[in-house]
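This report concerns only the one structure given below.
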Amino acid sequence: MMNFIMPSSLKEYYCLEIFRYKKFLQSGDFRNAWNSLERSHILGQAYPLEHTRSHWLMLKFGFKTRKLKEIFGQIPRLLVGGVKSFVGIIPVGNTGGSNVSPLKPMEIPSNLKIYPG
């Protein structure tokens, strides 16, 4: 199934996670910033623009925290993630970081399952 536009009911929660990421990053709380990025990835991975944006922010986070593994892990994800979303081939629940295989489906956290979309 091809997805082009994230439903507004889901986009609200995706944007909230991006907002939380930025706030945590500003305050130097890198652990919670990363957690919000992973949550944004889970929520947005079925939609090309949001999926790509999550990986872009993960790449920038890798530069900010000087984590080479994350930087090099995000480059291929950034290049193909949106395309996979566009054609509907995604590993549901995958958190998007370089610490997990980009092909591995994962359990969606229970507190994300409540969001409509």
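When a residue number appears, it is its place in the shown sequence, counting from 1.
Considering all non-hydrogen atoms of both residues, P102 and P91 come closest at O-CG, 3.1 Å. When all heavy atoms of I42 and G93 are compared, the closest pair comes out as CG1-O, 3.6 Å. Closest of all the heavy-atom pairs between H51 and G82 is ND1-N, 4.2 Å.
Checked against salt bridge (Lys or Arg N to Asp or Glu O under 4.0 Å), R20 has the following partners two or more places apart in sequence or in another chain: E17. A search for side-chain hydrogen bond (donor to acceptor under 3.5 Å, both in side chains) contacts involving D29 returns N32, not counting sequence neighbours. Every residue meeting the side-chain contact (heavy atoms from CB on, under 4.5 Å) condition with S101, not counting sequence neighbours, appears here in chain and number order: L103, K104. Among residues two or more places apart in sequence or in another chain, the side-chain hydrogen bond (donor to acceptor under 3.5 Å, both in side chains) test is passed with Q26 by none.
Annotation: the span from S36 atom OG to F24 atom CZ amounts to 5.0 Å, rounded to 0.5 Å. Atom OG1 of T52 is separated from atom CG of L59 by 12.0 Å, given to the nearest 0.5 angstrom. Atoms CH2 and OH, on W34 and Y21 in that order, are 9.0 Å from each other to the nearest 0.5 Å. Going from atom CG of N94 over to atom CD1 of I108 covers 10.5 Å, rounded to the nearest 0.5 Å. One finds the CG atom of L112 at 5.0 Å from the CG atom of L43 (value rounded to the nearest 0.5 Å).
Residue pairs meeting the salt bridge (Lys or Arg N to Asp or Glu O under 4.0 Å) criterion with at least one member in residues 45-61, sequence neighbours excluded: K11-E50.
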Name each donor-acceptor pair under 3.5 Å that joins a side chain in residues 68-81 to protein atoms two or more places apart or in another chain, with its distance.
unit_1 : atom_1 : unit_2 : atom_2 : d
E70    : OE1    : S98    : N      : 3.4
E70    : OE1    : S98    : OG     : 2.9
E70    : OE2    : Q74    : NE2    : 2.6
E70    : OE2    : S98    : N      : 3.0
Q74    : OE1    : H55    : ND1    : 2.7
Q74    : NE2    : G96    : O      : 2.9
R77    : NH1    : G73    : O      : 2.6
R77    : NH2    : G97    : O      : 3.3
R77    : NH2    : V100   : O      : 2.7

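One N or O on the side chain of S85 and one on the backbone of Q45 form a donor-acceptor pair closer than 3.5 Å.
Counting only heavy atoms from C-beta outward, the side chains of S54 and L57 never approach each other to under 4.5 Å.
Ring planes of F30 and F61: perpendicular class, angle over 60° (limits at 30 and 60°).
Residues Y14 and I90 are members of one and the same hydrophobic cluster, defined by side-chain heavy-atom contacts under 4.5 angstrom among Ile, Leu, Val, Met, Phe, Trp and Tyr. Under a hydrophobic clustering in which Ile, Leu, Val, Met, Phe, Trp and Tyr are joined whenever their side-chain heavy atoms come within less than 4.5 Å, directly or via other members, L10 and L49 fall into different clusters.
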